[in-house]
**Q** 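Encoded as structure tokens, here's the structure I'll be asking about.
Each chain gets a letter, A, B and so on, in the order the sequences are listed, and its residues count up from 1.
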Amino acid sequence: MRYWLMKSEPSDVSIDDLAAMPEQSVAWYGVRNYQARNFMRDQMQPGDKVLFYHSSCAEPGIAGLAEVSTPAYPDATQFDPENKYFDAKATAETPRWFNVDVKLVKKTRLMPLSEIRGYPELAGMRILQKGNRLSITPVDPAEYRFIVKHL
DNA sequence: GCCAACGTTGGC
DNA sequence: GCCAACGTTGGC
């Protein structure tokens with residue numbers, strides 16, 4: 001079992017949006033970065049634990065706990081010419097982009113990025129490293145446990 | 001809106 | 001394969 005931090009823009013899918021979804025589950029569509037795709041496609045397993053992170057918003061931070069609920073499968077948005085995530089080079093036979101489904105475990109208080117920064121125990125987290133832009137990053141089990149304990 | 005950092009693209 | 005130009009991310 002692995003641990004992940006997954007960024008979502010709340011203007012797109014917030015923790016409350018996730019809570020309102022059927023089955024409280026959502027396809028993690030729209031990832032167009034190979035490293036992040038590879039994490040989903042090659043490493044994620046149903047049951048992996050997820051920190052649901054709000055990015056590009058007034059109060060960036062961890063907003064809840066979630067779980068990977070499906071293996072990776074081709075991201076439907078790559079095939080839809082009307083969709084902003086359309087990829088002309090992707091075909092049904094050779095899809096380029098994949099996503100898993102993510103299911104809410106529980107909404108928590110918001111742990112702001114500024115607070116995360118303040119814990120020496122979390123100093124190694126990828127999202128705190130300069131220039132990090134990856135929308136999906138692995139999280140250390142100890143870091144995950146520390147965060148859950150402090151939520 | 002600014003801007004640093006990084007990934008991708010494409011000409012050569 | 002190099003690398004400049006360009007686009008995107010995301011905190012502030």
**Q** Any chance you could lay out the side-chain contact (heavy atoms from CB on, under 4.5 Å) test for A:N99 and A:M40, step after step, and finish with the verdict?
**A** CA-CA 6 Å; A:N99 63 248; A:M40 286 198 284; 4.2 Å; yes
**Q** Just how far, in rounded Å, is C1' of C:dG10 from CD of A:E59?
**A** 16 Å
**Q** Please check if A:W4 and A:M111 belong to a single hydrophobic cluster, counting links between Ile, Leu, Val, Met, Phe, Trp and Tyr side chain heavy atoms closer than 4.5 Å.
**A** no
**Q** Give a yes/no answer on whether the side chain of A:Y53 brings an N or O atom under 4.0 Å of OP1 or OP2 in C:dT9.
**A** no
**Q** Can you tell me how far apart CE (A:M6) and CZ (A:F39) are? Round to the nearest 0.5 Å.
**A** 11.0 Å
**Q** Please answer: with hydrophobic residues joined when any side-chain heavy atoms are less than 4.5 Å apart, are A:F52 and A:V31 in the same cluster?
**A** yes
**Q** Can a donor-acceptor pair be found between the side chains of A:Y29 and A:D101 at a distance below 3.5 Å?
**A** no
**Q** Using a cut-off of strictly less than 4.0 Å, decide whether A:K7 has a side-chain nitrogen or oxygen near OP1 or OP2 of C:dT9.
**A** no
**Q** Starting at atom NE2 of A:H54, determine the distance to atom P of C:dG10, rounded to an integer number of angstrom.
**A** 14 Å
**Q** Supply the atom-to-atom distance A:Q78 CD to A:Y85 OH, rounded to the nearest 0.5 angstrom.
**A** 13.0 Å
**Q** Taking N or O atoms only and anything under 3.5 Å, show me the protein contacts with nucleotides 3-6 of chain B, one pair per line.
**A**
from, atom 1, to, atom 2, distance (Å)
B:dA5, OP1, A:K130, NZ, 2.8
B:dA5, N3, A:R133, NH1, 3.3
B:dC6, OP1, A:K130, O, 3.4
B:dC6, O2, A:R133, NH1, 2.3
B:dC6, O2, A:R133, NH2, 3.1

**Q** How about A:T77 and A:D75: does a side-chain donor come under 3.5 Å of a side-chain acceptor?
**A** yes
**Q** Considering only distance and modelled atom types, tabulate donor-acceptor pairs under 3.5 Å from the side chains of residues 134-151 of chain A, sequence neighbours left out.
**A**
from, atom 1, to, atom 2, distance (Å)
A:E143, OE1, A:D140, N, 3.0
A:H150, ND1, A:F146, O, 2.7

**Q** If you find the nucleotide of DNA chain B closest to A:N33 and the one closest to A:K89, which residue's nucleotide is nearer the 5' end?
**A** A:N33
**Q** Verify the cluster assignment for A:L128 and A:I62: are they in a single hydrophobic cluster under the rule of side-chain heavy atoms below 4.5 Å apart?
**A** yes
**Q** What is the distance, rounded to the nearest whole Å, between atom CD of A:E9 and atom C1' of C:dG11?
**A** 12 Å
**Q** Figure out the CZ/C1' separation between A:R37 and B:dT8, and round it to whole Å.
**A** 14 Å
**Q** Using whole Å, what does the distance between atom C1' of nucleotide C:dG10 and atom CG of A:D12 come to?
**A** 15 Å
**Q** For DNA chain C, find the residues of residues 110-122 of chain A with a heavy-atom distance under 4.0 Å and give them by number; none if there aren't any.
**A** A:L113, A:R117
